[in-house]
Amino acid sequence: MASMLWSCVTDFFTYETTKSVVVKSWSVGIVNRIVQLLIIIYFVGWVFIHEKAYQVIDTGIESAVMTKVKGFGYHDNQTMDVADYVSPPQGAAVFCIITKLIVTKNQHQGRCAETHGLYKCDTDVDCQRKFGANLGNGAITGVCLKSSNNGTCEIQGWCPTENDQVKRKPMLDVKNFTIFIKNSIRFPLFDVTRGNFPQHMTREQIKSCKYHPVDNPLCPIFLVGDVLNYTGQDVASLAEEGGEIGINIEWKCNLDFDIEKCQPKYSFTRLDAPFAKNKISKGYNFRFAKYFKHENGIEYRTLHKAIAIRFDIMVTGNAGKFNTIPTLINLVAAFTSVGLGTVLCDIILLNFLKGADQYKAKKFEEVSKAQIEESLAQKQGSQLSITPAMKCSYDSGALSLSPEQAV
Amino acid sequence: MASMLWSCVTDFFTYETTKSVVVKSWSVGIVNRIVQLLIIIYFVGWVFIHEKAYQVIDTGIESAVMTKVKGFGYHDNQTMDVADYVSPPQGAAVFCIITKLIVTKNQHQGRCAETHGLYKCDTDVDCQRKFGANLGNGAITGVCLKSSNNGTCEIQGWCPTENDQVKRKPMLDVKNFTIFIKNSIRFPLFDVTRGNFPQHMTREQIKSCKYHPVDNPLCPIFLVGDVLNYTGQDVASLAEEGGEIGINIEWKCNLDFDIEKCQPKYSFTRLDAPFAKNKISKGYNFRFAKYFKHENGIEYRTLHKAIAIRFDIMVTGNAGKFNTIPTLINLVAAFTSVGLGTVLCDIILLNFLKGADQYKAKKFEEVSKAQIEESLAQKQGSQLSITPAMKCSYDSGALSLSPEQAV
Amino acid sequence: MASMLWSCVTDFFTYETTKSVVVKSWSVGIVNRIVQLLIIIYFVGWVFIHEKAYQVIDTGIESAVMTKVKGFGYHDNQTMDVADYVSPPQGAAVFCIITKLIVTKNQHQGRCAETHGLYKCDTDVDCQRKFGANLGNGAITGVCLKSSNNGTCEIQGWCPTENDQVKRKPMLDVKNFTIFIKNSIRFPLFDVTRGNFPQHMTREQIKSCKYHPVDNPLCPIFLVGDVLNYTGQDVASLAEEGGEIGINIEWKCNLDFDIEKCQPKYSFTRLDAPFAKNKISKGYNFRFAKYFKHENGIEYRTLHKAIAIRFDIMVTGNAGKFNTIPTLINLVAAFTSVGLGTVLCDIILLNFLKGADQYKAKKFEEVSKAQIEESLAQKQGSQLSITPAMKCSYDSGALSLSPEQAV
């Protein structure tokens, strides 16, 4: 029994390697090495160096954005400051700079004539057809008010109604406003925190700089006029109609290098560009009201239709760092791919080369059933008297599952 | 020396391929081909066609959302328009439609009785125990006000205090409001920009359409009543208590096909659903104040407890496009997997088949130490006089590292 | 012809396996098994168990956050409640708690002297140099107002101008405020929805609990003082200067286990930390105005410079679940890697072991061109009269592409 066990152990500690045929032929040899070289170049050059397949990538960037607008504009006989034209005021990642205000003062609850052109009428029936319409300035009462030759439907709501066809000059001073952006990000996978301007910038440097894509790409202060120019937009038409501008802060960090090289890259786009062809809801506007009270307690309001440029600061990015898992998987893929070159060479060797049949005979050793049966017959004849060979088998890494063999 | 170098070069341009044993046995042959077929079907059908493992996926979708609500409601003897019930007004991706307002008018700073039921008292000590409580309408002063038989604690803050137990009919007209959603997205990896409605839709088509999951899945105008229905919610109870509705815009784009097929898919959920069992802070509400001033300069305010339906428009998605790296890695995995079929077949061949030992003898060529030593002894005897063979070795792609060999 | 077809079929259903050399040498055998063991341990322990390479990961978490602040503070002789100090009021994921207000009352449009220190002047020219400056309280008119010995530039805008150098005690009560966070998330890939507190928590449990990282990690109510402490910040200086605090909710879910174990983990950071060295725009503040009207219709405003603590609730996370594709790819990588151990052992066997040349002779079977040509010559001599063997070839899985063979 002890010797049986010993034999098992020695059988286990053997080394199995494939038997190879070495073909000394220039043609296949050169093809073989060239294919291998191409595969290695591909993996080293493209997969590893260019696409950095040895890195694990963190795409779950965490970001906090703080913004501050500065500047003074002149609109409708008033000087507008930040508290007047920035909405909402908290300095979040999405904010609007109001460039035009259509103001409807002293609105009280009541009934009055609709100003919207859609609501012309001759009789009450014309108005009753429009019950529930959403496009006017109030709920349709179903009465047609005929002041003169032209009648308009009566609405219930805030009166007098807004007339947004009024012409008003937009606040073009917006192009001189500055936006200060403070963006701190974190890559949770690597626990790396970064800010959007370098730590060595002093308070004075920051206060005096202006962002420029080439000369000053890390300055966090942006001139609105520049931003609009970078998106290829015309300041005047944008101030007139409103619009949505995207400021994209892109962080692409290779954390295998110095972390100081992990810097933001800014880009600017017009966000409503995909809708340019539809010509619906051109620009950007919203309505809000300021509420006042008479001394007698009656509330009234001033309605504002604000035409604004909305800025969406979007932070995207990813960080890569060396990691063993992708490296290993790609290395194995690379090694195995080098081996796949054999497939091509085998095709050449066994089919197209002079003497292909001879190569085939060398490479392949046929075992037919007939042979095995013959050999079995012989063996049975000669070995019947011999005790079955005790052996452990670990061939090909495959466990031998048959119980007979283990006996 | 020149001939040595030449021999090195010829040695390098050789081709090495494994020597194979071809077993002409129906049983293993069929198993082999079936296993290979299954593996190929799995890879082609599932990995490549279904899971698109040949694509690189961009999950870092950039998105900007603009919303606009339209409609008129009637609440507390007032007609409410957008400026009254949408908060915040800027038309961002998260906005609330106020459906019920509990208004506490004319609040001035001062001291008064708490209305909240928790603050009943008999003596000042009862109130002093509640110093620092956060749930009432103001800071507890520690005084118990006994107007009649029932006492309540005095608070310092805005007086009179809010009584939010007041019954008030919610604004059910909310179900007829419409939400217009403009969503532009970008996949930064592929620099692809898309909008949520097709470019061929005209202004009139958009203005007149209503979203329907089957009939009109690309219309960007949603009826609030429909949205609430899709989430399985009751409009009346939602308007009464408030709630949070998620409108999910999902972009799943296969950029290997026509980009026009890259379209959004909308889905609607009630966001507070995971908290349904807790019964805490049912619904959704928030408080805000409008500030007024008397002519004498004293400030007062109107407190609003706004019960609202909050809409969160969440944009998710990813885009896939053919890329060589995942394709190659998966192809190598597929090829190698096909080879793994051999493991199974080897187990069958070498263990279970009749004549397994014979197959084993054919497949494995044993080299024992004894053999090698014997051969070494012979060689040393016969080859001592011969100069060592100059050779370069590139066997198995492994560099020969031993300096002796290079000599 | 039928027999030819039959021969094709039998040729197809053969099984091809590599011929192996089994080396019965302790040294290489042990190295071989140890290398294999290390590779297996690495894959099982690190790749599969630790890094869960058998899972597909969903990183596109969808999240909705609802917040509610409670508490009363005392600032500038007023009791401040939620409607006074929370901005914006809707309870979104980003909100500010105002801790200090610098109030400039009764501002009317007009011209007045600048208060900002930068705008001292001797003559009008001093002021004209500053046209377009953004840092003051209004647009520079170019006039130098010399009231006494010191002159200041005149501005046009809201008068009187703000003096933000006023000393005012911040509202330190902020540390006793509580923040209630309701966060519901969804992993779209697996369609799993979760809330940030367990369903078995009752209304009373939630109302009475306070978050503690160890004792009560799932309570959704956070004491502001605690949150500021967790970030290592001093409440007093933060209330004085303002600041940005990040509350990170991290969801790391292993959906192969019980879904109840998919719970949030809270962490707290000071978001402006990366800018600590720059000393620019320390803290956090923003300006907003309340608008009032005189009975005669003239509008005036109260400007507020709000120094605030801004809370950004950021939700990140991912969920993993078993999936066949990554499992298979990694399994194949593992199996292939085990095979790669052979490369190392071959180097040892064929170069460093005693009898390396003998092993080499056993492993490699050389076929030189000379041999093939000789064999070809013989064959041609002997086989010229014989019809070419009809055969189908499926060797090495490679399709035989040569037309001659198919003949």
Side-chain angles (χ1 to χ4, degrees), chain B residues 18-24 26 28-30 32-33 47 51 53 59 87-88 94 96 109 132 134 138-139 156-157 244 246 271 274-275 277-280 286-289 291 293 303 312 314 316 333 336-337 340 342 345-346 363-369 372 375-376 395-396 398 400-402, chain C residues 12-25 59-60 62 64 66 68 70-72 74 78-79 81-84 88-92 176 178 182 184 188 193-195 197 199 201 203 206 290 292 295 325 328-329 332 335-336 343 346-347 350-352 355 358-360 362 364-365:
Chain B
T18 54
K19 191 170 174 115
S20 300
V21 178
V22 178
V23 179
K24 298 221 160 189
W26 279 90
V28 196
I30 290 171
N32 180 34
R33 294 303 181 185
V47 179
E51 295 279 317
T59 55
S87 167
V94 178
C96 306
Q109 283 277 326
N134 280 345
Q156 170 146 17
E244 289 170 272
L271 291 173
F275 307 106
K277 287 195 191 164
N278 296 93
K279 290 184 179 167
I280 183 170
F286 59 92
R287 282 185 179 80
F288 67 93
Y291 296 86
K293 252 188 186 175
L303 179 66
D312 275 51
M314 292 175 291
T316 53
T336 322
S337 295
L340 288 182
T342 321
C345 291
D346 269 357
K363 181 172 163 65
F364 298 107
E365 214 175 289
E366 280 197 17
V367 192
S368 68
K369 202 140 200 182
I372 295 295
S375 148
L376 265 182
D395 308 311
S396 298
S400 37
L401 303 159
S402 69
Chain C
F12 182 73
F13 286 107
T14 54
Y15 170 59
E16 188 188 303
T17 181
T18 55
K19 189 167 175 115
S20 300
V21 178
V22 178
V23 180
K24 297 222 161 190
S25 157
T59 55
E62 279 173 44
M66 204 280 290
K68 202 160 205 170
K70 287 212 184 279
F72 300 97
Y74 197 75
Q78 283 212 341
T79 302
D81 67 5
V82 174
D84 296 322
Q90 291 89 9
N176 298 321
T178 57
K182 219 164 88 178
S184 66
T193 306
R194 298 288 296 156
F197 44 89
Q199 297 200 336
M201 273 183 115
R203 192 183 164 83
I206 291 171
K290 292 177 192 163
F292 304 101
E295 273 296 297
I325 292 188
L328 213 118
I329 288 171
V332 168
F335 271 112
T336 321
V343 172
D346 269 356
I347 294 174
L350 303 175
N351 293 323
F352 300 108
Q358 273 68 32
Y359 286 121
K360 218 168 251 179
K362 282 283 177 185
F364 299 106
E365 216 175 287

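Basis for what follows: all heavy atoms, side chains included, without hydrogens, waters or symmetry-related copies. Lettering follows sequence order; numbering is per chain, from 1.
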Self-check item: Segment of B:Ser87 engaging chain C (4.5 angstrom heavy-atom cut-off)
Solution: both

Exercise. Let me know if B:Cys345 has heavy atoms under 4.5 Å from chain C in its side chain, its backbone, both or neither.
Key: both

Quiz item: chain B heavy atoms under 4.5 Å from C:Lys70: which part of the residue, side chain, backbone, both or neither?
Solution: both

Quiz item: Can you check whether B:Tyr291 and C:Phe292 have ring centres sitting under 6.0 Å from each other?
Solution: no

Quiz item: Where on C:Tyr359 is there a heavy atom nearer than 4.5 Å to chain B: the side chain, the backbone, both, or neither?
Solution: both

Quiz item: Which atom pair, heavy atoms only, marks the closest approach of C:Val22 to B:Phe364?
Solution: CG2-CD2, 3.4 Å

Self-check item: 4.5 Å side-chain heavy-atom contact, C:Ser20 and B:Lys363
Solution: yes

Exercise. Please determine, among B:Glu244, B:Glu51, B:Gln156, B:Lys293, the option with the most heavy-atom pairs under 4.5 Å with chain C.
Key: B:Lys293

Quiz item: Checking C:Val82 against chain B: side chain, backbone, both or neither under 4.5 Å from a heavy atom?
Solution: neither

Exercise. For chain C, find which of B:Gly157, B:Ala289, B:Gly246 contributes the most heavy-atom pairs closer than 4.5 angstrom.
Key: B:Gly157

Quiz item: To the nearest 0.5 Å, how far apart are CD in C:Glu62 and CG in B:Leu271?
Solution: 9.0 Å

Quiz prompt | Among the listed options B:Thr59, B:Thr316, B:Asn32, the residue most often paired with chain C at heavy-atom distances under 4.5 Å | solution = B:Asn32

Quiz item: Which atoms of B:Val94 come close to chain C, meaning under 4.5 Å heavy atom to heavy atom: side chain ones, backbone ones, both, or neither?
Solution: neither

Self-check item: Toward chain C, the part of B:Ile30 with a non-hydrogen atom under 4.5 Å
Solution: both

Self-check item: Engaged part of B:Gln109 at the chain C interface, taking heavy atoms whose separation is under 4.5 Å
Solution: side chain

Exercise. Output the option from C:Ala83, C:Gly60, C:Ser25, C:Ala92 having the highest count of non-hydrogen pairs under 4.5 Å with chain B.
Key: C:Ala83

Exercise. Supply the atom-to-atom distance C:Asp84 CG to B:Arg287 CZ, rounded to the nearest 0.5 angstrom.
Key: 12.5 Å

Quiz item: In terms of heavy-atom pairs under 4.5 Å with chain B, which of C:Thr18, C:Thr193, C:Asp81, C:Thr79 leads?
Solution: C:Thr79

